[in-house]
Amino acid sequence: MRLSQMLFVTLRDDPAEAEIPSHKLLVRAGYIRRIGSGIYAYLPLMWRVLQKVSQIVREEMNASGAQETLLPQLQPSELWKESGRWDTYTKAEGIMFALTDRQDRELGLGPTHEEVVTTIIRDLIRSYRQLPINLYQIQTKFRDEIRPRFGLMRGREFIMKDAYSFNLDENCLKKSYQAMDQAYRNIFRRCGLAFRAVEADSGAIGGSASQEFMVLAEAGEDEVLYTNDEKYAANVEKAVSLPSEVEQSPFTTYEKRETPNTDTIDQLCQFLKCSPTVVVKNVLYEVVYDNGITVLVLVQIRGDQDVNEVKLQNELTRLASRYQAKTILALQVPDESAQKKWTTKPLPLGYISPDLADDYIKTSPDYAPKFLRLVDQTVLELKDFVTGANEKGYHVVGANWGKDFQLSELKVDLRKAKIGDRAIHDSSQTLNSARGIEVGHIFQLGTKYSKAMGATYTNEQGEEMPIVMGCYGIGVSRLAQSAVEQSYDQNGIIWPVAIAPYQVIIVIPNLKDAEQVKVAEQMYQELNQAGIETLLDDRDERPGVKFKDSDLIGIPYRIVTGRSLKEGKVEVVERATQKAQEISVTEVVETLNNWIAQAIESRK
């Protein structure tokens, strides 16, 4: 491609809306253009990158035995109501674009396709002989992000590869899951990315187990906790660990003490001269279920620990049936105005005790609410602990479970793992932290959707069984931007060879020099004929502009037909290292062919 004929405009200044390097560079280098909030056009250079990524994805998915398909973006609400996710996606999380057609039928733009593909399999699969099967697509998805940001990292329209396996049983699912795990590792390695596979929360997709693939980058929105022995890594939302050891309590007798101006754990511990590991703090949450019922949740957790709200939400979702509900619409720490809606008297915030009375909550003729009390495992073995006294400015010390306070029957892991915690698999290992960009996620769904939607098969014994499912996603457009976030310098993008829009760019410093133009044109033809994707910068611009643009757009190799032509040579510059060397014109094609082949082969 000749740059003089290409839609190619670069910018000197960073765009105002861009916050992270990759977003700034993709806009400045003419790869993407913002159309609206979270909506971007993929310009010619970017589309070539996305095609490269998609092809690698396609090759590895096909090699795993998966079959490509294309599913509708417009989805009837009835399918989502069958699975029980319509309210979750349109109200609770609110990420689905929902609309009503001219015949008043509710529809949604697909953020994911579990319901659609399960419907297809339900209609077409009858026997165990037809399983297992894995269907995938590369498709535009839509999510109504509350705060679109970072360009293609969190957009409202994006390209995704999603796959769905349909299996006979759990063992069959695990084989499909492992095949996808290997395919994903192959994909990210071939794309030239440094990544880490981590345990993850399944979120609204559901399922018994899931794993995220994180591209390591400082701008990543996710925090990954890992051990140096490489035997454990998890998203902070899912991570588990051993908390620090409990220190000896200085209190041996139960008593109520005045503790003025101790609204925080730090203030309390300084006043009482004790460790936060001997404090039981009581954190209040308000959860609203999809049937309109509000439940007040009192979490007891050790003073030096924080509540992991993803774990809390999962636990409250599991308890939804207690309240004749299916899912959560909202979870929050209630502010003063929210409290007034359901409290009969002001709460002793900062001084709440585990036995806070239920009579703080207003009752109604058809509903008599009580506090739902959840006990984190960090407080189970505490002795002679400190906690609130249900009175502003007072705490109790020397308290014990079973004597001064009763433990709730609901004992769960709600703590947030953090840097420095000891690893469960080896207490000599401690957790470290890194930032990551999620580019892939695989789930063991089990029978969540097949049972809800009646997708079954007949086994060898003639019994009707629910199909066991898996789900596997890769953010294609997000992966492309994450490659930039991981590899750039002060001059611009440094694309991995395998997904660069072009592999080589030829720069003609002086268009008035007939020899420079002649050699450049000849090499342009020869390189393309050899299968090397080549750009020719034949624009009437100053050499400095051309060199800056070449660095900015990140093409792996640059050929300059400059002064060395007198010796029958051209300058070849490797973008990643800025290493330059002069190579004979007659050897350039073979040399670059070898370099490119080696770069691609080394990632397989």
Side-chain angles (χ1 to χ4, degrees), residues 34-42 69-124 135-149 152-164 202-207 287-294 313 316-317 320-321 323-332 441 443 445 448-455 469 471 473 475-478:
R34 184 177 183 271
I35 302 302
S37 178
I39 306 170
Y40 286 84
Y42 310 122
T69 184
L70 189 63
L71 305 173
Q73 296 168 323
L74 201 59
Q75 304 182 20
S77 65
E78 289 80 9
L79 299 184
W80 287 72
K81 289 174 181 176
E82 274 190 68
S83 71
R85 291 204 301 174
W86 180 255
D87 285 344
T88 300
Y89 271 73
T90 59
K91 296 178 183 177
E93 295 193 12
I95 62 173
M96 179 185 277
F97 286 101
L99 61 140
T100 303
D101 69 12
R102 65 182 65 195
Q103 296 180 0
D104 290 329
R105 292 173 296 205
E106 287 183 309
L107 300 161
L109 288 177
T112 184
H113 278 74
E114 282 82 7
E115 284 78 4
V116 169
V117 75
T118 302
T119 298
I120 293 169
I121 293 299
R122 175 180 65 189
D123 295 344
L124 299 179
L135 301 177
Y136 80 95
Q137 64 171 346
I138 298 174
Q139 170 74 285
T140 298
K141 299 294 182 80
F142 303 89
R143 295 190 184 182
D144 191 6
E145 291 283 357
I146 192 169
R147 190 187 172 199
R149 59 192 305 214
L152 308 183
M153 292 293 194
R154 195 198 288 179
R156 297 197 294 163
E157 178 181 311
F158 53 95
I159 299 174
M160 184 176 177
K161 187 285 301 178
D162 50 326
Y164 307 90
S202 297
I205 300 293
V287 58
V288 179
Y289 284 105
D290 58 348
N291 58 1
I293 288 179
T294 297
Q313 178 151 333
L316 293 173
T317 300
S321 59
Y323 307 99
Q324 293 75 53
K326 292 183 179 179
T327 190
I328 290 174
L329 293 184
L331 175 65
Q332 64 179 358
H441 204 155
F443 303 83
L445 295 177
K448 174 180 177 178
Y449 296 93
S450 56
K451 282 185 175 179
M453 302 183 72
M469 292 175 56
C471 169
V476 172
S477 47
R478 175 181 278 206

(message) Take a 6.0 Å sphere around NZ of K81 and say whether it holds more than 12 heavy atoms from other residues, nucleotides or ligands.
(response) yes
(request) Could you tell me whether a side-chain N or O of R156 sits under 3.5 Å from a main-chain N or O of P148, the two making a donor and an acceptor? (result) no
(request) Report yes if some heavy atom in the side chain of L316 is under 4.5 Å from a heavy atom in the side chain of Y289; otherwise report no. (result) yes
(message) Can you tell me how far apart CG (D144) and CG (L109) are? Round to the nearest 0.5 Å.
(response) 10.0 Å
(request) Verify the neighbour count for atom CD1 of I35: are there more than 12 heavy atoms of other residues, nucleotides or ligands below 6.0 Å? (result) yes
(message) I need the R478 CZ to L152 CG distance, nearest 0.5 Å.
(response) 10.0 Å
(request) Answer yes or no: is there a side-chain heavy-atom contact under 4.5 Å between Y42 and S477? (result) yes
(request) Check whether any side-chain heavy atom of T69 lies under 4.5 Å from a side-chain heavy atom of Y136, and answer yes or no. (result) no
(request) Answer yes or no: is there a donor N or O on one side and an acceptor on the other, between the side chain of D290 and the main chain of D87, under 3.5 Å? (result) no
(request) Give the intermediate values and the outcome of side-chain contact (heavy atoms from CB on, under 4.5 Å) for residues Y89 and T112. (result) CA-CA 10 Å; Y89 271 73; T112 184; 4.2 Å; yes
(message) Are the side chains of D162 and K141 in contact, using a 4.5 Å heavy-atom criterion?
(response) yes
(request) Please determine, by modelled atom types, if R122 and Y449 share a side-chain donor-acceptor pair under 3.5 angstrom. (result) no
(message) Treating H113 as the side-chain partner and A163 as the backbone partner, does any N or O pair qualify as donor plus acceptor under 3.5 Å?
(response) no
(message) Angle between ring planes, F97 versus F142, binned at 30° and 60°: parallel, tilted or perpendicular?
(response) perpendicular
(message) Please check: side-chain N/O of R143 versus main-chain N/O of P111, any donor-acceptor pairing under 3.5 Å?
(response) yes
(request) Supply the atom-to-atom distance L70 CG to Q137 CD, rounded to the nearest 0.5 angstrom. (result) 6.0 Å
(request) Apply side-chain contact (heavy atoms from CB on, under 4.5 Å) to L71 and L135, showing your working. (result) CA-CA 10 Å; L71 305 173; L135 301 177; over 6 Å; no
(message) Would you compute the distance between atom CD1 of I328 and atom OG1 of T88 and round it to the nearest 0.5 angstrom?
(response) 9.5 Å
(message) If I compare all heavy atoms of C471 with all of L445, which pair ends up nearest, and what's the gap?
(response) CB-CD1, 3.5 Å
(message) Is there a side-chain contact between P76 and R105 in this structure, where contact means two heavy atoms from C-beta onward sitting under 4.5 Å apart?
(response) no
(request) Answer whether the closest heavy-atom distance between the side chains of S83 and E114 falls below 4.5 Å. (result) no
(message) Once rounded to the nearest 0.5 Å, what's the spacing between atom CE of M453 and atom CG of L79?
(response) 5.0 Å
(message) Could you check whether any side-chain N or O of N291 sits under 3.5 Å from a backbone N or O of Y323, counting only pairs where one atom can act as donor and the other as acceptor?
(response) yes
(message) Contact between E82 and E115 at the side-chain level, heavy atoms closer than 4.5 Å - yes or no?
(response) no
(request) Supply the atom-to-atom distance M96 CE to T90 OG1, rounded to the nearest 0.5 angstrom. (result) 7.5 Å
(request) Could you check if a side-chain atom of M469 sits within less than 4.5 angstrom of a side-chain atom of F443, using non-hydrogen atoms only? (result) no
